Every structure is written in structure tokens, then in C-alpha cells.
**Student:** 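Mind looking over this structure? Questions follow.
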Amino acid sequence: MTTIDSALFDDLQARGLIAQTTGGDVLAEYLAEGSRTLYSGFDPTADSLHIGHLVPLLALKRFQLAGHKPVALVGGATGLVGDPSFKAAERKLNTPDIVAGWTNKLKAQVSRFIDFDCGENSAEVVNNLDWVGQMNVLDFLRDVGKHFSVNNMINKESVKQRIDREGAGISFTEFTYMLLQSYDFAELYKRYNCTLQIGGSDQWGNITGGIDLARRMYSGETYGLTLPLVTKSDGTKFGKTESGTVWLDPAKTSPYAFYQFWLGTADADVYKFLRYFTFLSLSDIAAIEERDRNTEGRPEAQSVLAKEVTRLIHGEEGLRAAERITEALFSGGLEQLSEPDLEQLQLDGLPSSTLVRAQLADKPLTQWLVDAEMAASGKQVKDALGRGAVLINGDAITFDENLDGAACFNESRARFQRFYIVKLGKKKYHLFVVE
RNA sequence: GCAGGGGUUCCCGAGUGGCCAAAGGGAUCAGACUGUAAAUCUGACGCGAAAGCUUCGGAGGUUCGAAUCCUCCCCCCUGCACCA
């Protein structure tokens, strides 16, 4: 018999992880009284999840740890249609085989976070294409569509801006998305007695749609809970860096870059993020906050956050690699790195490139750095050059040197004849290996 | 199909014949200050080391000169019509 942690709801609330719920206190009680089955959906809109998906993903795990059974739904079907919720414009459709490929990747990714072998509340991963895929249009219209009122649908906040906004619009396809997702909930209710759907706060309309449908089709009593949208205190979008989205796939965002992302969290956000993204207890987090408040200089919270989240996503190994690189680059000991250290940095995932010595003179430094994706354009490098912000193995490079790639990467500047650590600005590092 | 409104540099959004590589804001990058933070200030922000080159949905045209004018085409929005 699974033990239920009746404090779950209070804990979620205290973490700020509850945006809205249906049922209010009834839901809290319902969760405290027994092991429930809940689900959250992830649509394949890319070949990897990103940190924006982390809140619902971790929430599934929080529920599981508290004794409930999580179902992760990967939207092989809904991904073919596109969720219009709060989107400014119609999205372009991806081909079925692309979506199928992404679906498989997401299934694998999602599976790493929840436990499939813990008895009664073992997790499930499902794909809604399995039940929507073979449904025919007429059945859908008669069995599902009949339960929806267009009048209600167009009043949903999530599609309103698309309907009201001049210059926008919404296709029937996207408009129908809500029906598909609602049907998922009803179907999971039938299959697994799944009685709770969780999701981002943008999913509220879709979730309540599902609750209504489950009641109408099966007289099922179900609940919804939404998680807050992650926002930053400065108003910029969470989860983006200069180089774009922060992905969970280590091939798309290295553990080092991932670690650095969290390390850069603003003070104003970091304690909130600890509550959102880690499993540290609220009292531990409060203790960290208290210590930081009483300490001069750099707070401890960011490194705790980076460590916890990186370990969660990339494991102990990924975390250690990220820490090794960070330590080497930011603790000032660059000159002390041994040859094996430098080789290890490369293995650990420090961005690196291999250049051929004979070709160095072909391009200016600006171009080499652009090619290595250290900067988007030579202009940016040029700007940095003018401010002495480009360092090769510690030497500031000048404008004049820039033109001659070979001079920049000259042999006397090399470490162990072939390694050059280029620093652009305060944080960007790249290892060049010249052969 | 008809009528009207639109498509501008990453985003929003000015610009209606030269002073426009194109206002302003946001985002982003670099510098100062710091704690690899925030705020603030400074600079950059189509590409190029530079000379210079390429842009304002697409293709042509008018003009000494076009993002701005004309023609055709593509796409989006709103309404009407068609259909019933």
C-alpha cells in the first residue's frame, strides 16, 4: 500500500507552484485521502523539452513522491494540430513524420524523470495519437464535438486575443485543439481513472474543457491544477539566453552551459527558482536565504540552484563536468591548467574547435571567432576588441593583430603547443586546438 | 470573387521621392560599477578589418535618385458576396 504524503498540497502552495485549481479545498482533501492518478501533457513542438517544461515535469515527480501515480502524455496527436493558447499567431504545421520523431524523443526524455518501477504508483508514458489516431471525423464530431459550445470556446481567454486582434485570426484546426486535449483527459479518465490534470497556467482553458468533457461523457468527477508561468523580475522571458533556448537535451545545451544558465540567475529570482526547480525542502531554502542575507558579497543560492538542477537533468557526471569547467575558467587558474586538464575541459563539453595551423593566416580573428559561434557577427568581436575584451590565453588582442589570424594564434602564445583559450567578454570561453 | 486595410532591419513600430542602413522602444552583445547578480551609465546592434556591399513581401518599371510613385504577382486581416 502506497503511503500518501498529505502535506503535498500545502507544500506546493508554499512553493508558489499553484496558480489555479478547480475544486479548491475539495481537491486538497481529495489528494490527501488516497493515491490518485494525474497527468500532464507535453506536445512535440521540437526535438527536445526545454527548461520551460521543467515545472510541470518536476510537478509530476512531486506528486509521485507523495504517493500518486503520474501519467506523462506526449502529444503525438495534439502536436500535429498546434495549441493556440495565448499564441499570437497561427503556427505552421510540421509533417507527421517529424512530429512522430519528436514524440519518440520526448517520450525518452520525460521517462527519465519519473519512476516506472515503484509499485502501485509507477508512472506511465502515453501518446494521445494512440487513441486519436484511428478515430474518424464523424465519431469525433458526434461524440466529442457535440459536447462543446462554440459560444463558450470563443469566450476563453486563451483564444480571445486571436479572435479579437486585428491582423491575427485562428484556423479551425487550432480552434479544435481544445477538443483534442479535452478528449485526452476523458480518455485517460476512462483508461486509468485519471482524475487530475496539471499543466502551465496557459492550459487552464484546455484543462477545464477536459473536466467538462469527462463529466459529460462518463459522468466523471475530475480536477485541474495549473502551475505558474515562470517569470523573471526584470520582465524578460525566462529560459532564453543569447544563444537561444535552454534545452534539456545535452546535445543541444551542454551541461556546462546549462549549469551556467542557472548560475546567472538574478538575486530577485533565485529563491523562487529554488522553490520551483529543486526538491530542497522549504526550510532548507529559507535557511539559504537567511544565510545569504547575512553575508556580504556573493550569495550562495545561485550555486545551490545550479548544482541541484544540473544534477537533476544531467546526473552526477554532467554536474561534475560542468563544475570542473566552471572552476577552471572562473577561478582564475587558467595558467595552472595541465595538458590533461585542458584535454579534460574539451571532453567535459567546454565549447571547442580544432583549427589547422597552416590555415590560420587565411582569416582575421573576428572570422575565426564567428565561425566558432562565439559571436553572431564580426562586429561584435570588433566591439569587444576595441574594449580589450578579447583575450587569448590571457593576452588582450588588439585591432591590428585581429587581421592576422596566425599572429593571434602564434606558437609562443600556445599552451602545450596547441591549446588556446579564447575569452570574449566576461563569460564566453572557447577552447581552440590548433594542429 | 468584390471592397477596404496590411506585409519595414530579431520583435513591436515610425517612415509616403533625396538629409534612410532606415526614428523610437524592447531584446541582445561589449565596457564601467560589481558578486560570472540587479539597477545605473556608456558604446554597439544588416554584412564586412576596411574600401565597400546588400536590405524595407516578390518581380519589373518611372526617375538623376524609390522603403516611399506605377504595373503585375504572392501572403495576411476585415467585411460582403458566392455556396446553401
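Only heavy atoms go into these numbers, but all of them, side chains included; no hydrogens, no water, no symmetry mates. This structure is a prediction, so every number in the text was calculated from the model and none was measured. Every chain is numbered from 1 and lettered A, B, ... according to where its sequence line falls, protein lines coming before strand lines.
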**Student:** If I take atom CG in residue A/Leu369 and atom P in nucleotide B/G48, what distance separates them, rounded to the nearest angstrom?
**Tutor:**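 Computing the A/Leu369:CG to B/G48:P distance gives 12 Å.
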**Student:** Tell me, with the steps shown, if A/Glu308 and A/Phe277 meet side-chain contact (heavy atoms from CB on, under 4.5 Å).
**Tutor:** CA-CA 8 Å; A/Glu308 290 294 322; A/Phe277 296 106; over 6 Å; no
**Student:** Is it the case that the side chains of A/Lys156 and A/Thr208 hold a donor-acceptor pair, with the cut-off being a distance below 3.5 Å and no angle test?
**Tutor:** yes
**Student:** Under a 3.5 Å cut-off for both distances, is B/U40 Watson-Crick or wobble paired, and to whom?
**Tutor:** B/A32
**Student:** So, A/Gln197 and A/Tyr39: side-chain donor and acceptor under 3.5 Å apart, yes or no?
**Tutor:**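 Their side chains do contain a donor-acceptor pair, which is all the 3.5 Å distance test asks for.
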**Student:** Using Watson-Crick or G-U wobble geometry with both distances under 3.5 Å, which nucleotide pairs with B/A59?
**Tutor:**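 When the pairing criteria are applied, B/U71 turns out to be the nucleotide that pairs with B/A59.
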**Student:** Report the distance from atom CG of A/Leu365 to atom CG of A/Leu369, rounding to the nearest 0.5 Å.
**Tutor:**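 Nearest 0.5 Å value for the CG-CG distance: 4.0 Å.
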**Student:** A/Asp362 has an atom CG; how far is it from atom P of B/G48, in whole Å?
**Tutor:** 17 Å
**Student:** Judged by atom type as modelled, is there a donor-acceptor pair below 3.5 Å linking the side chain of A/Arg62 to the main-chain atoms of A/Asp11?
**Tutor:**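 No, A/Arg62 side chain to A/Asp11 backbone: no donor-acceptor pair under 3.5 Å.
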**Student:** Taking only N and O in the side chain of A/Arg298, is any of them less than 4.0 Å away from OP1 or OP2 of B/A37?
**Tutor:**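 No.
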**Student:** Using the closest heavy atom to pick a nucleotide of RNA chain B for each, name whichever of A/Lys232 or A/Gly388 lands nearer the 5' end.
**Tutor:** A/Lys232
**Student:** Rounding to the closest angstrom, what is the interatomic distance between B/G65 and B/A14 at atom P?
**Tutor:**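 About 30 Å, rounded to a whole number of Å.
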**Student:** CG of A/Leu424 versus C1' of B/C29: gap in Å, rounded?
**Tutor:** 9 Å
**Student:** Got a salt bridge between A/Lys379 and A/Asp383, using NZ or NE/NH1/NH2 to carboxylate O under 4.0 Å?
**Tutor:**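 Looking at A/Asp383 together with A/Lys379, the answer is no, because their closest N to O distance does not fall below 4.0 Å.
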**Student:** Does A/Ala268 reach a base, just sugar-phosphate, or nothing at all? Heavy atoms under 4.0 Å.
**Tutor:** nothing
**Student:** Determine whether any donor atom in the side chain of A/Asp267 lies under 3.5 Å from an acceptor atom in the base of B/G35, or the reverse, and answer yes or no.
**Tutor:**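 Pair found.
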**Student:** Taking only the P atom of each, what is the distance from B/A22 to B/C53 in whole angstrom?
**Tutor:** 15 Å
**Student:** OP1, OP2 of B/C47 versus side-chain N and O of A/Ser377: anything below 4.0 Å?
**Tutor:** yes
**Student:** Using only heavy-atom distances, determine whether the side chains of A/Thr45 and A/Asp43 contain a donor-acceptor pair under 3.5 Å.
**Tutor:** no
**Student:** Give me the distance, rounded to whole Å, that separates B/C82 from B/G17 when you measure between the C1' atoms they each carry.
**Tutor:** 42 Å
**Student:** How long is the line joining CG of A/Leu385 and P of B/A49, in whole Å?
**Tutor:**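 The distance from CG of A/Leu385 to P of B/A49 comes to 10 Å, rounded to the nearest Å.
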**Student:** Does a donor on one side chain and an acceptor on the other come within less than 3.5 Å for A/Ser48 and A/Gln109?
**Tutor:** yes
**Student:** Given the C1' atoms of B/A27 and B/C19, what is the spacing between them in whole Å?
**Tutor:** 29 Å
**Student:** Can you figure out which of B/U36, B/A30, B/A49 approaches the side chain of A/Thr326 most closely?
**Tutor:**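 Nearest listed nucleotide: B/U36.
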**Student:** Distance check needed: B/A30 P versus A/Lys423 NZ, whole Å only.
**Tutor:**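 Between P of B/A30 and NZ of A/Lys423: 11 Å.
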**Student:** If I pick the P atom on B/G13 and the same atom on B/G26, what distance separates them, to the nearest angstrom?
**Tutor:**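 These two P atoms come out 16 Å apart once rounded.
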**Student:** With a 3.5 Å cut-off and just heavy-atom distances, do the side chain of A/Gln260 and the base of B/U36 make a donor-acceptor pair?
**Tutor:**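 It does, because a donor-acceptor pair links the side chain of A/Gln260 to the base of B/U36 below 3.5 Å.
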**Student:** Starting from C1' on B/A50, measure out to CG on A/Asp400 and report it in whole angstrom.
**Tutor:** 13 Å
**Student:** Compare side-chain N and O positions of A/Lys427 against OP1 and OP2 of B/A37 and report whether any pair is under 4.0 Å apart.
**Tutor:** yes
**Student:** Applying a 4.0 Å non-hydrogen cut-off, can you work out what A/Gln302 is touching in the nucleic acid: base, sugar-phosphate, or nothing?
**Tutor:** base
**Student:** Check the phosphate of B/A30 against A/Lys428, side-chain N and O only, distance under 4.0 Å to OP1 or OP2. Yes or no?
**Tutor:**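 Yes.
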**Student:** Using atom P in both nucleotides, what's the gap between B/C69 and B/G1 to the nearest angstrom?
**Tutor:**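 Per the computed distance, 25 Å lies between those P atoms.
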**Student:** What is the pairing partner of B/A66, taking Watson-Crick or G-U wobble pairs with both distances under 3.5 Å in any strand?
**Tutor:** none
**Student:** Using atom C1' in both nucleotides, what's the gap between B/G7 and B/U55 to the nearest angstrom?
**Tutor:**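 These two C1' atoms come out 15 Å apart once rounded.
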**Student:** Rounded to whole angstroms, how far apart are CG on A/Asp383 and P on B/C45?
**Tutor:** 8 Å
**Student:** Look at all strands and tell whether A/Asn402 reaches a base, only sugar-phosphate, or nothing, counting heavy atoms closer than 4.0 Å.
**Tutor:**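 A/Asn402: backbone/sugar contact only, no base atoms under 4.0 Å.
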**Student:** Counting side-chain heavy atoms from CB outward, which of B/G43, B/A49, B/A37 is closest to A/Ala266?
**Tutor:** B/A37
**Student:** Pairing check on B/C2: which nucleotide meets the Watson-Crick or G-U wobble criteria with it, both distances under 3.5 Å?
**Tutor:** B/G79
**Student:** Both distances under 3.5 Å, Watson-Crick or G-U wobble: report the partner of B/C53, or none.
**Tutor:**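 With both distances under 3.5 Å, B/C53 matches B/G46.
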**Student:** Can you measure A/Lys379 atom NZ to B/U54 atom C1' for me and round it to whole angstrom units?
**Tutor:**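 Distance check: A/Lys379 NZ to B/U54 C1' gives 12 Å.
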**Student:** Kindly point out which of B/A49, B/G31, B/G35 is positioned nearest to the side chain of A/Arg387?
**Tutor:**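 Looking only at side-chain atoms, A/Arg387 lies closest to B/G31.
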**Student:** Which whole number of Å gives the distance between the P atom of B/U71 and that of B/C2?
**Tutor:** 15 Å
**Student:** With RNA chain B as reference, determine whether A/Asp234 or A/Leu263 sits nearer its 5' end, using the nearest nucleotide of each.
**Tutor:**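 So the residue in question is A/Leu263.
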**Student:** May I ask you to say what A/Ser233 touches in the nucleic acid, namely base, sugar-phosphate or nothing, with a heavy-atom cut-off under 4.0 Å?
**Tutor:**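 If one applies the 4.0 Å heavy-atom cut-off, A/Ser233 turns out to touch nothing in the nucleic acid.
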**Student:** Counting only side-chain N and O atoms of A/Lys382, is one of them less than 4.0 Å from OP1 or OP2 of B/A50?
**Tutor:**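 Result: yes.
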